[in-house]
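These notes concern the structure reproduced below.
Throughout, protein chains are lettered first and strands after them, A, B, ... in sequence-line order, and every chain is numbered starting at 1. FYI, side chains are in, hydrogens and waters are out, and symmetry mates aren't considered; it's all heavy atoms of this structure.
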2 protein chains.
Amino acid sequence: MIEEQKINIDPLDAQTQVFKILTHPARIAILNILRDGEHCVCHMEAYLGLRQSYISQQLAVLREAGLIQDRRDGWNIFYRVVNPDIYTVLDAVQKLTGQAVGPSNPVASCNCPHCMAKQSSG
Amino acid sequence: MIEEQKINIDPLDAQTQVFKILTHPARIAILNILRDGEHCVCHMEAYLGLRQSYISQQLAVLREAGLIQDRRDGWNIFYRVVNPDIYTVLDAVQKLTGQAVGPSNPVASCNCPHCMAKQSSG
DNA sequence: TAATCATATTCATGGATTTGAATATGATTG
DNA sequence: CAATCATATTCAAATCCATGAATATGATTA
């Protein structure tokens, strides 16, 4: 009776995989940063106030899970979300918990082309 | 620069808490069983083919997280989902992964009043 | 090709999670 | 109150995960 597994739990693994990725404040914070398009690693560093290597670790997790993609532009590497459906998940949990997380440090910027452009024009 | 934590990661904890609960095939399977209303533990046992004490362990996790509630009716204890918003989260991930999980063993039944009623009437 | 820049990887350790096995609880019936 | 039923809890071992520290990579510039 115990050996006879009635339900095939395996199809759920793809789902638990995603949840596992999201079980991490820094990774959720990174995804939230990427809501408005691609950003470089140094930007996240300035924004989150976390060590570079630590952010890279979390980016690697997100990347290997297929949730984000990177693109090199000169010195910087820009990350973007692959499938915006991930935000449906995040939004659903925000609604469930009533814990919306606004932009934490909108003025933070780095020396990447994106931020430099914003600084000179704004 | 490293000591100065720019973002307050704490608000994200409520969200990661929920994700942590969902990082578990059996717990997701249980929640899916409860989609159509309350069910007793023996029903889940028959449905999932997992040991009773194991299911109780997972029910305890879900219960302590405030996601489900129990109600005793005679010998049986019936569980139900507290806030159906949890299914918005599950549905979002199902869409993201393309992994829909249908009813695995719809004929499974136990001796609880609910299942007995279905058997005699159907 | 050496220096520099942004970013990535590796590794070790402490801490958390999973899960099987055994046992406990508490309502119900006789 | 003893037996029985459905369900819950405890505990320990194995495994998994988070994170700091150190170091590596690989494009770019001089």
Side-chain angles (χ1 to χ4, degrees), chain A residues 1-3 5 9 12-13 16-17 19-30 38-65 68-80 109-116, chain B residues 1-3 5 9 12-13 16-17 19-30 38-65 68-80 109-116:
Chain A
M1 190 60 89
I2 282 138
E3 293 75 25
Q5 184 92 354
I9 291 244
L12 294 176
D13 279 347
T16 56
Q17 217 78 343
F19 287 130
K20 208 165 283 183
I21 303 295
L22 299 178
T23 307
H24 205 288
R27 294 201 281 265
I28 296 184
I30 288 172
E38 66 177 16
H39 284 287
C40 64
V41 180
C42 59
H43 186 81
M44 303 178 199
E45 202 181 341
Y47 203 96
L48 298 177
L50 299 173
R51 251 192 319 278
Q52 176 271 318
S53 65
Y54 183 73
I55 290 178
S56 265
Q57 283 177 346
Q58 306 314 141
L59 286 171
V61 175
L62 290 165
R63 180 163 22 88
E64 282 156 21
I68 60 176
Q69 272 185 344
D70 57 342
R71 170 183 78 87
R72 176 178 282 271
D73 181 9
W75 273 336
N76 302 285
I77 293 183
F78 290 88
Y79 278 93
R80 66 181 177 283
S109 62
C110 59
N111 297 323
C112 77
H114 282 204
C115 287
M116 295 305 272
Chain B
M1 187 63 88
I2 283 139
E3 292 74 23
Q5 184 92 353
I9 291 242
L12 294 176
D13 279 348
T16 55
Q17 218 77 347
F19 287 130
K20 207 165 284 184
I21 302 296
L22 299 177
T23 307
H24 206 288
R27 293 200 282 263
I28 295 184
I30 288 172
E38 66 178 16
H39 284 286
C40 65
V41 180
C42 59
H43 185 80
M44 303 179 200
E45 201 181 343
Y47 203 96
L48 297 176
L50 299 173
R51 244 181 281 97
Q52 177 271 318
S53 65
Y54 183 72
I55 291 178
S56 265
Q57 283 176 347
Q58 306 314 142
L59 286 172
V61 174
L62 290 165
R63 181 164 20 87
E64 283 156 21
I68 60 176
Q69 273 185 343
D70 57 341
R71 172 183 76 86
R72 176 178 281 271
D73 181 9
W75 273 338
N76 302 285
I77 293 185
F78 290 88
Y79 278 93
R80 65 181 178 284
S109 62
C110 58
N111 297 323
C112 76
H114 282 202
C115 287
M116 294 306 272

(request) Quick one: list whatever passes salt bridge (charged side-chain N to carboxylate O under 4.0 Å, His left out) with B/Arg72, sequence neighbours left out. (result) none
(request) Rounded to the nearest angstrom, tell me the gap between atom CZ in B/Arg71 and atom C1' in C/dG26. (result) 17 Å
(message) Output the rounded distance in Å from CZ (B/Arg51) to P (C/dA22).
(response) 10 Å
(request) Please name all residues satisfying ring-ring contact (aromatic ring centres under 6.0 Å, His included) with A/Tyr79, sequence neighbours left out, ordered by chain then number. (result) none
(message) In whole Å, I'd like the distance from the CD atom of A/Gln17 to the C1' atom of D/dC16.
(response) 13 Å
(request) Quickly work out the A/Leu50 CG to D/dA21 C1' distance and round it to whole Å. (result) 16 Å
(request) Output all residues satisfying salt bridge (charged side-chain N to carboxylate O under 4.0 Å, His left out) with A/Arg63, sequence neighbours left out; order by chain, then residue number. (result) none
(message) When you compare the side chain of B/Ile30 with that of B/Leu48, does any pair of heavy atoms fall below 4.5 Å?
(response) yes
(request) Could you tell me which residues satisfy side chain to side chain donor-acceptor pair (under 3.5 Å) with A/Gln52, sequence neighbours excluded, listed by chain and number? (result) A/Ser56
(request) Please report, rounded to the nearest Å, how far the P atom of D/dA18 is from the CD1 atom of A/Ile21. (result) 9 Å
(request) Produce a footprint string for nucleotides 2-17 of chain C: one letter per nucleotide, 5' end first; B if the base is under 4.0 Å from any protein heavy atom, S if only the sugar-phosphate is, - if neither. (result) ----SBBBB------S
(message) Holding to side chain to side chain donor-acceptor pair (under 3.5 Å), I want the full list of residues that pass it with A/Thr16, two or more places apart in sequence or in another chain.
(response) none
